[in-house]
Every structure is written in structure tokens, then in C-alpha cells.
Protein chains: 2
Amino acid sequence: MSSTKKPKQATRADVAKMAGVSESTVSYALTGVRPISDETRERIEEAMKTLGYVPNAMAQALASKKSGLLALLFPVGERGFDETDFEYVEAATAAAAEDGYQLLLWPNAVEDVASLRKIVAQGLVEGVLLMEVRAQDPRVEVLRDSGTPFCLIGRTDDSQDLTFVDADFSQWGPMALHHLLDLGHTNIGVISMSSDLLEAGYGPGVRTEKPLLDLAKRLGITITIKHAKATIRAGREAFEELTAEQPDITALIGFNEPALIGALEVAGARGINIPEDLSMLSFGISDEAENMTVPAQTTIGVDGRELGRMAAQYLVARLNGDKKSVLQYLTQPQFVDRGSTGLAPLGQK
Amino acid sequence: MSSTKKPKQATRADVAKMAGVSESTVSYALTGVRPISDETRERIEEAMKTLGYVPNAMAQALASKKSGLLALLFPVGERGFDETDFEYVEAATAAAAEDGYQLLLWPNAVEDVASLRKIVAQGLVEGVLLMEVRAQDPRVEVLRDSGTPFCLIGRTDDSQDLTFVDADFSQWGPMALHHLLDLGHTNIGVISMSSDLLEAGYGPGVRTEKPLLDLAKRLGITITIKHAKATIRAGREAFEELTAEQPDITALIGFNEPALIGALEVAGARGINIPEDLSMLSFGISDEAENMTVPAQTTIGVDGRELGRMAAQYLVARLNGDKKSVLQYLTQPQFVDRGSTGLAPLGQK
DNA sequence: GGACAATGTCGACACGCGTCGACTACTTAT
DNA sequence: ATAAGTAGTCGACGCGTGTCGACATTGTCC
């Protein structure tokens, strides 16, 4: 019967005693800060193995002032996690691990500044990764004057002094318009994210729409935007409203994955063929989401893995004392043609 | 210019000095373990406030052997997070917070037993919550003989000695069958999750299918199961195969949200009306997902919040020294009628 | 032969906190 | 008046590490 008693973790003292050396020698064998003879090292390592010794994380952290922990502030009660989020969480975790750091997802509401302040003050984590950053984000201020290194995934309006990685959303609209204009589309509908998110200053929404609208005006393209919540149902309604208002649109840009699926459903039910009758182009759909829409969507998006990896690396750079250099990174949009766009049906050549 | 210098955190010594008391007095003022005069307490609290004192988490943990941290092992490289997962993560976080614990999501692959062993050995977390539990899960053994208290969300095949919360999946199939049989359905299709998950021993799949098939045989109901990956595309294909093989099915049970959406799309395109031509019933769709399907689905599922809350509470109970009592909880299935089932079309009355 | 550096090891202390034992100044029961 | 508490406080120590200074040993270069 395997008793589930508390198997008291062996300590450095135990290892030292068993190996017949002093405690500091054990330390140096572990860290390599000072040379140790191969002979002694072997004895120590054997003792560690038979005792199942693992250094106590908290004692290590206390003594060295380095916990090896990074926090990824994990938004709760918000827009849910989509595939892209997953991608960069995974990539950031892996990148942090490569540098010897553990990345923890710390559930925390965006508004809960008090908890955040306590988290960084109690010194458990060495650095913080912030996602779902808003245009004006109260958390940034807290982090800034806490002295804790941090890196944003996204950015605030006023971020020239900050460390961040973000997608270059300003290019998404123009890139999409040029592509569609080349195909002859001059009347384009957009199904974007909910107005709530925009008003809260959600970066991807804010930064994308304006350049898109500005360029459309310059190019003489008619744009009609519908904002929808991130549900299939909302997407259906948005598509119906959109086509009712503007029956002549020949192309649709989607920036809201669930809503896009809803739009596709309605289009399918109406016998609208894609791309023959209607071109479709989606923002921000990840590779994993490719199978989530039928037909697959031609996409302008971001490499989530790249973002996550860069974020972790920037943060680690700050931890390693790089206080001076500007660490800011904007990923170029990725255009993936999956055949959901084609020549405009009226063929104005 | 707000300098971003390291504002060295005040320590207990600083507070003691400013308040003119000993360090231990500061401690007792904080913990209340021993009485402190109101007068001194006020001086101390004022000092703490002006110094911005927050106890150092690692020192506290080291001295008290209590870190106040719980880990929720967060599966990476797996089936993604769905809405229900979110629900119980959120609920568990909240429940843990109520008992004074922080719940961290610790990204960790299910197979990465070595990391897990290190995590619990280094003593950073006091307890562990395990999700995505498999029928045979190597992590359980590691936790068991590490002595770290843990609680499963889900269970293994051999879990009579373990602490867990889980949905009572064995009831889902029978409940669904009785409901459908009452409506006159005797030929039922099922679109379930991918075979990969089942073979890996993914509990919800395994525990649901057998009772469903057994009861169907007893009742003389024809069941045809298709396994599909969790994508809309796979759901479309599954539905097409299913209806090709069994053109006479009058009801469809879905246990795979994305695939279900795909099935709905195909059904819609074929002009199949729900529930007039085909009844549909879904397993495990959460309230949040209600808007993700059109029409909304009649559902047999689980209250994710309840699960998460119970899991956290059970774990905390173990931490508080409750070693003896059996802490195991199976949630009753929740039936929510959203009108997607109706009388079988052939009307065998 | 001695000066010097490099190698290998030990002891002592600090990190910031929890907590035990002891001590003082009272209060209450005897 | 004495014993027996109780409230309030202090000093010392321990938690398990990292790391600095000191020391002994060995090798190297003139």
C-alpha cells in the first residue's frame, strides 16, 4: 500500500551531509559559479539523485531575488480566448522556458488594478506580460511605477516609451482594399467586432478601422460597416442588415470570426456563391481557424506564434538589464489566399 | 518626469523602525496571532501605508511553508479551450480567491511528467487542479506520490481513492435517448468527438458513449456514430456521411460543438428544417455557446461554474488537513430545452 | 626558491518573514 | 497579600537558499 505520507523534501543540508561536503559546495555544484572537482561533483550528484533533491523554489527566490516566474495577465470576464490567443500564449510559454523562465497565466480582470498592484508588489513574479491591452489601460500605469519590467501584447495610445509587440493593424485595411480593388470591387461591406470593444479602446478594432475608412474615401470605395458581437447569431443578423442596406456590395470583409461564420451561413442559405457572387476576406483568422469556415477564407492576419515569442523575448531582455534600447515590434500582416475572393461580378473590367 | 527607478520595496524592518516597534510586533499586527493594542496597531498601519509596504510573498512562503498558490495545470497542444472550460476556470479562480488562494494557470503538456514532478517538488504551489484528465493519466501518479494535495476535474478509470469533481456523463446518453424516444425517434445519428481523443481515454467521450449504446440496444433504437475532429469542416463531412449511410435518421445528437455547427450548415443548405424534419440535441453546450448555433440547441450539459467552484473547494479542503473524508462529486446533467427537438416526422404516434 | 594565480572547499551571513519563549504591566481570584 | 492569569511587546531563531571572504592546495613563471 503506497502510503501518501508527506515525503519531506530533502534540503541542501541533507545532500551535503550525504556527500560529505559543505552546503556551499553543493550550491556551487548546482550553479557552477565556482569550480568543483569532478570527483566531488559526482558524489554530490549521486546524493541528490538518491535523495530526490530539488532546490526549494521559494528559498532560491528569496536568496537570489529571482523567482524565475513571469506572469501573463490572463483576462477573465472578457472576450473569450480565440485560436490566435492560444497560439501566442503557447509560443510565449515556450520562449520563456528557453530562457529559463516559467510563464504563468494569472487570471485577473482588466479593471482589477488593486490585485495587480499587489501581485507585483509582493515580488513573486519578475516580469509581466499584458494582453488585451486597451487604448487607455490603467494597468500600464500601475506596472510602470511599480518598477516591474513588462511587455505589452498590443499597445496603448501613448506607448512610445513602452516595450510592446503588436500587429501592424494599420496596414490591414489598406492591404485588403488594394487586393479587392484590384479585383474590381468598389462597394464593400464590413462585419467588424462589437461597438463595446471599440469604445473600450480595443486596439485591433480601433487601429484597423480608421486607416481602412480613410483609404476607402481616397479611392472612392463605398464602405458599409456593421458591428456585431462575437456570436454566430449576431453575424447572421449583421449580414442580413448589411445586404438589406447595401444590396450591391460585391465583397465582404470580416473581422469577427464567429460572426463571419454566421454571415457565411446566411449567404449559403441564400445560394450566394463565394467568390463568384460575393468575395470574402477575413481579418485575423489563424491557421487553426482555417477549418472553421466553409469555404476557407482568404485572410489578412498575424502570426500569433511570432508575437508570443517576441513578447517573451523582449520581456526577458528587460529582465536581463537591457533598460535602454527601444523594444517595440510590429508584425507585418500575413496575406493568405484561400480562394474566397475573386473578380467583382459586374465586371467593370 | 516620473523616473522608473526601482522603488525598493519596504520591508518589515522599515515599518518597525518607522512605527517605533519591534519587527515581531509588526508581524502580529498583520496576522492577528497575538493581541496588539489599538494605539500601536494604528501607528503600524500608518507606517505601512506611507511606506507602501506589502509583505514579500516568497519570504512569507518560506517561513510559513504556505505559498497561497494553487496551480491549475493548463493543457497546451491539445484540444483547445471551449466556453465550458472557461466557465470553470473562472469559477475555480473565484472560489480559490475566497479562501485566500491564488489560482495560477500553469501551462503544461499532459505528457510532460518531468516538468510536473519538478513543479510540485520545488514547493511553489500548495495544491494542484488537474483538468483534461484521461482514463489513464500519468500525472495522477506523480501527484499522488509527491504528497501534494490535488483534485481532478474529470477522473481516471481508477479513481475511487482520489479527490475529483466530474460530470456524470453516464446519464447523458440515457437522458437523451429517453427524451428522443418519447418523441418517437428510433433511428438516431450521433456526431461525437474525434477518435483520437477517445483512444487517448478522454473521459467525457468514453463515459458517454457506452451507456448510450447499451441503452439504445436495450430499447431497440438504431444508433449510428460518426467521430469528427473539432472543426466545422469535419462536422460537415460527418453529417454528409451520416445521412448517406442512414437516410432515415430522424434525430441527431451532437457532442462536438464546432462539428455540430458544420452539420447545421449542411442541414440548412439542404433545406432540412429543425425540428420538423430533424430533431437535434447537443451534449455539453454551455450557455455562452447558445448563440453560437442557429437554431439554438436543446442541450444536455454541465454547469461549468459549479464544477470549477467545487474543484477549488475540495482542493482547499484537502489543504486544510481534511485527509480522511471522500471528496468526490458528480454533477447532475442539466437539460435545457431550446426547441431543437420535436416529434419524429414519420409520426409512428 | 619565491611570487603569484588558479583551483577547490568551507564557514558565515543575508534574504524577509513566521513564531516561540520570555518579559513587563496589569487585572482578577483567592 | 499572593498566586494566577491576560494583554502587549521584544529578541532570537529558523525556513532553505545564494554568495562573499578566507583558506589550503597545486601549478607556473622568472
Side-chain angles (χ1 to χ4, degrees), chain A residues 6-45 47-48 51-69 100 118 120-126, chain B residues 6-45 47-48 51-69 100 118 120-126:
Chain A
K6 36 203 139 173
K8 233 160 235 159
Q9 264 299 122
T11 73
R12 190 178 64 173
D14 301 328
V15 177
K17 187 174 296 174
M18 173 171 289
V21 296
S22 78
E23 291 193 38
S24 49
T25 304
V26 177
S27 265
Y28 292 127
L30 224 33
T31 63
V33 173
R34 288 190 184 179
I36 296 287
S37 71
D38 292 350
E39 181 192 8
T40 340
R41 167 175 287 107
E42 277 177 28
R43 284 215 316 281
I44 292 176
E45 278 171 359
M48 295 197 303
L51 289 173
Y53 171 72
V54 176
N56 181 286
M58 293 167 315
Q60 249 175 316
L62 179 60
S64 68
K65 307 214 163 228
K66 291 184 180 177
S67 67
L69 297 180
K118 182 171 289 182
V120 296
Q122 66 189 6
L124 223 168
V125 299
E126 292 185 54
Chain B
K6 36 201 137 175
K8 231 161 235 158
Q9 265 299 121
T11 72
R12 188 179 65 172
D14 301 329
V15 177
K17 188 174 296 175
M18 174 172 288
V21 295
S22 79
E23 291 193 37
S24 49
T25 304
V26 176
S27 267
Y28 293 127
L30 225 32
T31 63
V33 173
R34 289 189 184 180
I36 297 286
S37 71
D38 292 351
E39 180 192 8
T40 344
R41 168 175 288 111
E42 277 176 29
R43 284 215 316 282
I44 292 176
E45 278 171 359
M48 294 197 305
L51 289 173
Y53 171 72
V54 177
N56 180 284
M58 294 167 314
Q60 244 173 318
L62 180 60
S64 69
K65 307 214 164 230
K66 291 184 181 176
S67 67
L69 297 180
K118 182 171 290 182
V120 296
Q122 65 189 7
L124 224 167
V125 299
E126 292 184 55

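The analysis underlying the following values was restricted to heavy atoms, covering all of them including side chains, and did not include hydrogens, waters or symmetry mates. Residue numbering restarts at 1 for every chain, and letters A, B, ... go by the order of the sequence lines. Just so it is clear, the structure is predicted and the values come from calculations on it, not from any experiment.
Between the side chains of T25(B) and S22(B), at least one donor-acceptor pair of N or O atoms lies under 3.5 Å. Using modelled atom types and a 3.5 Å distance limit, the side chains of T40(B) and S37(B) yield a donor-acceptor pair.
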Restricting to nitrogen or oxygen on both sides, can you table the protein-nucleotides 7-10 of chain C pairs closer than 3.5 Å?
{"residue": "dT9(C)", "atom": "OP1", "partner": "S37(A)", "partner atom": "OG", "Å": "3.1"}
{"residue": "dT9(C)", "atom": "OP1", "partner": "T40(A)", "partner atom": "OG1", "Å": "2.5"}
{"residue": "dT9(C)", "atom": "OP2", "partner": "S37(A)", "partner atom": "N", "Å": "2.9"}
{"residue": "dT9(C)", "atom": "OP2", "partner": "S37(A)", "partner atom": "OG", "Å": "3.4"}
{"residue": "dT9(C)", "atom": "OP2", "partner": "T40(A)", "partner atom": "OG1", "Å": "3.1"}
{"residue": "dT9(C)", "atom": "O4", "partner": "R34(A)", "partner atom": "NH1", "Å": "2.8"}
{"residue": "dC10(C)", "atom": "OP2", "partner": "S22(A)", "partner atom": "N", "Å": "2.9"}
{"residue": "dC10(C)", "atom": "OP2", "partner": "S22(A)", "partner atom": "OG", "Å": "3.3"}
{"residue": "dC10(C)", "atom": "OP2", "partner": "T25(A)", "partner atom": "OG1", "Å": "2.5"}

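Among residue pairs with one or both ends in residues 14-29 of chain A, those qualifying as salt bridge (Lys or Arg N to Asp or Glu O under 4.0 Å) are R12(A)-E23(A); sequence neighbours excluded.
A 4.5 Å side-chain heavy-atom check between M58(B) and S67(A) finds at least one atom pair inside the cut-off. Looking only at side-chain heavy atoms (C-beta outward), N56(B) and Q9(B) stay at 4.5 Å or farther from each other.
The backbone N or O of A19(B) sits less than 3.5 Å from a side-chain atom of R43(B), completing a donor-acceptor pair.
What separates CD of E126(A) from P of dC15(C) is a distance of 18 Å, to the nearest Å. Atom CG in N56(A) sits about 6 Å away from atom P in dT17(D), given to the nearest Å. Atoms CE (M58(B)) and P (dC17(C)) sit 10 Å apart, rounded to a whole Å. Here dG11(C) presents its C1' atom at 11 Å from CZ of R12(A), a figure rounded to the nearest Å. Summarising the geometry, the separation between CG on L62(A) and P on dC13(C) is reported as 18 Å, rounded to the nearest angstrom. Distance K17(B) NZ to dC17(C) P: 14 Å, rounded to the nearest Å. Taking atom CD1 of residue I44(A) and atom P of nucleotide dT17(D), one finds them 13 Å apart after rounding to whole Å.
The side chain to side chain contact (heavy atoms under 4.5 Å, CB included) search around M48(A) returns V15(A), L30(A), I44(A), E45(A), Y53(A), not counting sequence neighbours. The side chain to side chain contact (heavy atoms under 4.5 Å, CB included) test applied to A63(A) returns no partner, not counting sequence neighbours. Residues passing the side chain to side chain contact (heavy atoms under 4.5 Å, CB included) test with K66(B) are S64(B), E126(B), sequence neighbours excluded.
Phosphate proximity of dC17(C) to K66(B): absent, as no side-chain N or O sits under 4.0 Å from OP1 or OP2. An OP1 or OP2 oxygen of dT17(D) is reached within less than 4.0 angstrom by no side-chain nitrogen or oxygen of K65(A). Between S27(B) and dG18(C) there is a side-chain polar atom (N or O) within less than 4.0 angstrom of OP1 or OP2. When the side-chain nitrogen and oxygen atoms of Q60(B) are compared with OP1 and OP2 of dG16(C), none of them lie within a distance under 4.0 Å.
Relative to the side chain of A63(B), the nucleotides dT17(D), dG16(D), dC17(C) differ in distance, and dC17(C) lies closest.
In DNA chain D, runs of at least 3 stacked Watson-Crick or G-U pairs (N1-N3 plus N6-O4 or O6-N4, or N1-O2 plus O6-N3, all under 3.5 Å) give these stems: C:1-30 with D:1-30.
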